[in-house]
Visitor: 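Before anything else, here's the structure in question.
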There are 2 protein chains.
Amino acid sequence: MIPRVPPSPISSSSVRMSDVARAAGVSLVTVSRVVNEPERVKPDTLRAVRSAIEQLGYVPNLMAGSLASKRSRIVAAIVPTISNLVFSETIEALTRTLADGGYQLLLGQSGYRAGDEAALVDTFLGRRVDGLVLTGEGQPPALRDKLRRAGLPVVQTWELGGEAIDMQVGFSNHDAGRAAAEHLIARGHRALAFIGAQEARSQQRLAGFRAAAAEHGVSDVPAELIRPPALIDDAGPRLAQIVAQRPEVTAVFCNNDLLAAGVLFECRQHGWDVPGRMAVLGFGDLAIARAASPRLSTVQIRRAEIGERAGQMLLARLSGENQGARTVDIGFEVIARAST
Amino acid sequence: MIPRVPPSPISSSSVRMSDVARAAGVSLVTVSRVVNEPERVKPDTLRAVRSAIEQLGYVPNLMAGSLASKRSRIVAAIVPTISNLVFSETIEALTRTLADGGYQLLLGQSGYRAGDEAALVDTFLGRRVDGLVLTGEGQPPALRDKLRRAGLPVVQTWELGGEAIDMQVGFSNHDAGRAAAEHLIARGHRALAFIGAQEARSQQRLAGFRAAAAEHGVSDVPAELIRPPALIDDAGPRLAQIVAQRPEVTAVFCNNDLLAAGVLFECRQHGWDVPGRMAVLGFGDLAIARAASPRLSTVQIRRAEIGERAGQMLLARLSGENQGARTVDIGFEVIARAST
DNA sequence: CTGAAAGCGCTAACAC
DNA sequence: GTGTTAGCGCTTTCAG
């Protein structure tokens, strides 16, 4: 028996719109309409074309479509690193929101290096992405200008303030730092310390933390700044160092919950009671904060909401709406649990 | 004084290659060469064209380039979710490796739903991505066929076995599960339990775990399977449940280190000594394993290496090399620390 | 509701 | 080394 050719569609990369048109006995334009605006095609034609598409295994070339329509349906996002829960949850929500709106996400990682961010922006502009999501608000002026001239919707996330390039969704890291200090001081602590990262937003929080502390007469707040990426296993040694140099410290504000968990473990290692000997305040309200023992007090940031709102703002603009808010403050909330 | 027009480049989206050509007094093709193969252009011309590019603020339209050259320089990756450290570190390494090779990463999240994965693949094929990275090896036959017909390089990650679509880089989850059981049994444990996720790879590990246990006469291994996403705060309650129903259990294998950390915290809550009352074995060797107290024994997976190797395999293929390995086993290693 | 013509901005041959 | 000629596969007018 002669083996028959399997009834499989031709390789997708070789079937073009015109092939479908011929097979369905319509013009190419009609096929385009079936794909993009099916409601404007007569049901009979629609059915015929769709069956041809099916039969041939046609996959529209979105690249060609983008070139012709000047809309790529791609949005790019740049984060310092994706392997930080803090950003990955934002990106997850953003990806989901965009996907629901028919957009895909091109991902870029700056690795906390400004030069890389600029280079990525160039590539993305070259790809004619329809929108851009950035992390932070500290882009160099040249970059800001370039983006404004490019005229595409841009959302800056995770920090408010500065002069927005276009739109912003985030919160005040400075205020969050203030709130952290006030929480610890309200609990009676006067000797505070800070563990964070050598990175803009963390340093904003430190500034706020110190400012609020100073207002209560606590003027000397030691800080340990870890060079990114700040991993959980950096936290323990840093705490040990703080305690060695400043044994009077009774409360530490950690710039994310993972670091705080590291501090919790370190305390356990030394047998220091938390919060008796050392109060620990985290940042972010990651799942680990709720699971830790003792339960971790923390500054809650609704990370997914940042991604969602950023996606919605972008989608709104891309669909022609122009009156939406340009700045969204999603705020933060100090959650008191057992560790402070 | 009449305010002069600022010396800023025209909006990037309006300058075309032909504009640069005119400004530099060369043909359009020469500009294209300056952009893509500068070594084939005479230094003088090069300089002239580059200065014109600079002056006009020209940003090449990669979309048009892709259409003409049939290479998008985009690779797509699909993971269940990016907000799981286990995948995000792989994606981070992949993104970096690809970026160094001049490729960008389009990100898709399947949310552990097979249907979403298939839909994403369609979109990505439509965008004519040059390569594809998938998680796992359990794609439905229709999808596998479609991908093979599409003829683009595909790397499946995080699991070995099955019939590869094209290339694979990962390890045997079944064997990793076996190794976990053997480690615990070697430490004298006979009443084992498992906490994992309702998800293919986790279940492979469970199967291996149970198989090895059975070989040592341990035939009844209770398992708690969490519906994804399995967060750290699910772990404690599950452990509590296991202990309530099976107080004889003395060792638990958690399917990632975050869950294991949750279990550690839960033990602390109850005052159960680890590993005295309960031995805890993690999976992944995330940073938290090294920071935990007690230090967490775990099955180490080199997650970044998966992303790196996947990227390299793709880049090699995209640059025409065809003899590289199609399957890379990156293995795993049981790391004994203090928790077992 | 459907079709014909005219590109989108670039690269791939092939000449010169 | 550089230029000329044809498209890449689709969407957009604008007619009918």
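So that the names make sense, note that chain A is the first sequence line, chain B the second, and so on, each numbered from 1.
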Visitor: Could you check which residues of residues 18-27 of chain B get a heavy atom under 4.0 Å from DNA chain C? Sort them by number, please.
Guide: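 Those residues: none at all.
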
Visitor: Are B:Tyr58 and C:dG9 close enough that a side-chain N or O sits under 4.0 Å from OP1 or OP2?
Guide: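 No, because none of the side-chain N or O atoms of B:Tyr58 sits under 4.0 Å from OP1 or OP2 of C:dG9.
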
Visitor: Using side chain to side chain donor-acceptor pair (under 3.5 Å) as the criterion, list what pairs up with A:Gln168, not counting sequence neighbours.
Guide: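 If we apply the side chain to side chain donor-acceptor pair (under 3.5 Å) test to A:Gln168, skipping adjacent residues, there are no hits.
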
Visitor: Quick one: is B:Thr30 getting a side-chain N or O under 4.0 Å of the D:dG3 phosphate, OP1 or OP2?
Guide: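 Answer is yes, contact under 4.0 Å.
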
Visitor: Which pairs count as ring-ring contact (aromatic ring centres under 6.0 Å, His included) when at least one residue sits in residues 126-152 of chain B, sequence neighbours excluded?
Guide: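 For residues 126-152 of chain B, and leaving out neighbouring residues, there are no ring-ring contact (aromatic ring centres under 6.0 Å, His included) pairs at all.
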
Visitor: OP1 or OP2 of D:dC10 sitting under 4.0 Å from any side-chain N/O of A:Lys70?
Guide: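 No, no such contact exists.
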
Visitor: Specify the separation, in whole Å, of atom CG of B:Leu62 and atom P of C:dC8.
Guide: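 Atom-to-atom, B:Leu62 to C:dC8, this comes out as 18 Å.
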
Visitor: Which pairs pass salt bridge (charged side-chain N to carboxylate O under 4.0 Å, His left out) with one or both residues in residues 309-328 of chain B, sequence neighbours excluded?
Guide: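 Output for this query lists B:Asp166-B:Arg317, B:Asp166-B:Arg326, B:Glu305-B:Arg309.
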
Visitor: Kindly give the atom pairs (protein nitrogen or oxygen, nucleotide nitrogen or oxygen) under 3.5 Å for nucleotides 11-14 of chain C.
Guide:
unit_1, atom_1, unit_2, atom_2, d
C:dT11, OP1, B:Asn36, ND2, 2.7
C:dT11, OP2, B:Ser32, OG, 2.6

Visitor: By side chain to side chain contact (heavy atoms under 4.5 Å, CB included), which residues pair with A:Ala93, not counting sequence neighbours?
Guide: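 If we apply the side chain to side chain contact (heavy atoms under 4.5 Å, CB included) test to A:Ala93, skipping adjacent residues, the hits are A:Arg96, A:Ala304.
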
Visitor: Could you go through the side-chain contact (heavy atoms from CB on, under 4.5 Å) check for A:Leu134 and A:Leu147 one step at a time?
Guide: CA-CA 11 Å; A:Leu134 300 175; A:Leu147 287 173; 3.9 Å; yes

Visitor: Sequence neighbours left out, what passes side chain to side chain contact (heavy atoms under 4.5 Å, CB included) with A:Pro229? Give chain and number order.
Guide: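 With neighbours one apart ignored, the set is empty.
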
Visitor: Please report the distance, rounded to the nearest Å, between CZ in B:Arg16 and P in C:dC10.
Guide: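 Answer to the nearest Å: 8 Å.
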
Visitor: From CG of B:Asp44 over to C1' of D:dG1, roughly how many Å is that when rounded to an integer?
Guide: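 So the two atoms are 12 Å apart, to the nearest Å.
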
Visitor: Considering only side-chain heavy atoms of A:Lys42, which listed nucleotide, C:dT2, D:dG9, D:dT2, is closest?
Guide: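 Per side-chain heavy atoms of A:Lys42, the pick is C:dT2.
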
Visitor: Could you go through residues 104-111 of chain A and list every donor-acceptor pair under 3.5 Å that involves a side-chain atom there, pairing it with any protein atom two or more places apart or in another chain?
Guide:
unit_1, atom_1, unit_2, atom_2, d
A:Gln109, OE1, A:Ile82, N, 2.9
A:Gln109, NE2, B:Glu92, O, 3.2
A:Ser110, OG, A:Tyr112, N, 3.3

Visitor: Please report the distance, rounded to the nearest Å, between CG in A:Leu67 and P in D:dT12.
Guide: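 Computing the A:Leu67:CG to D:dT12:P distance gives 12 Å.
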
Visitor: Which residue pairs satisfy the salt bridge (charged side-chain N to carboxylate O under 4.0 Å, His left out) criterion with at least one member in residues 59-82 of chain B, sequence neighbours excluded?
Guide: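 Passing the test, one end in residues 59-82 of chain B: no pairs.
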
Visitor: Whole angstroms only, please: what is the CE-P distance between A:Met63 and D:dC10?
Guide: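 It works out to 13 Å between those atoms.
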
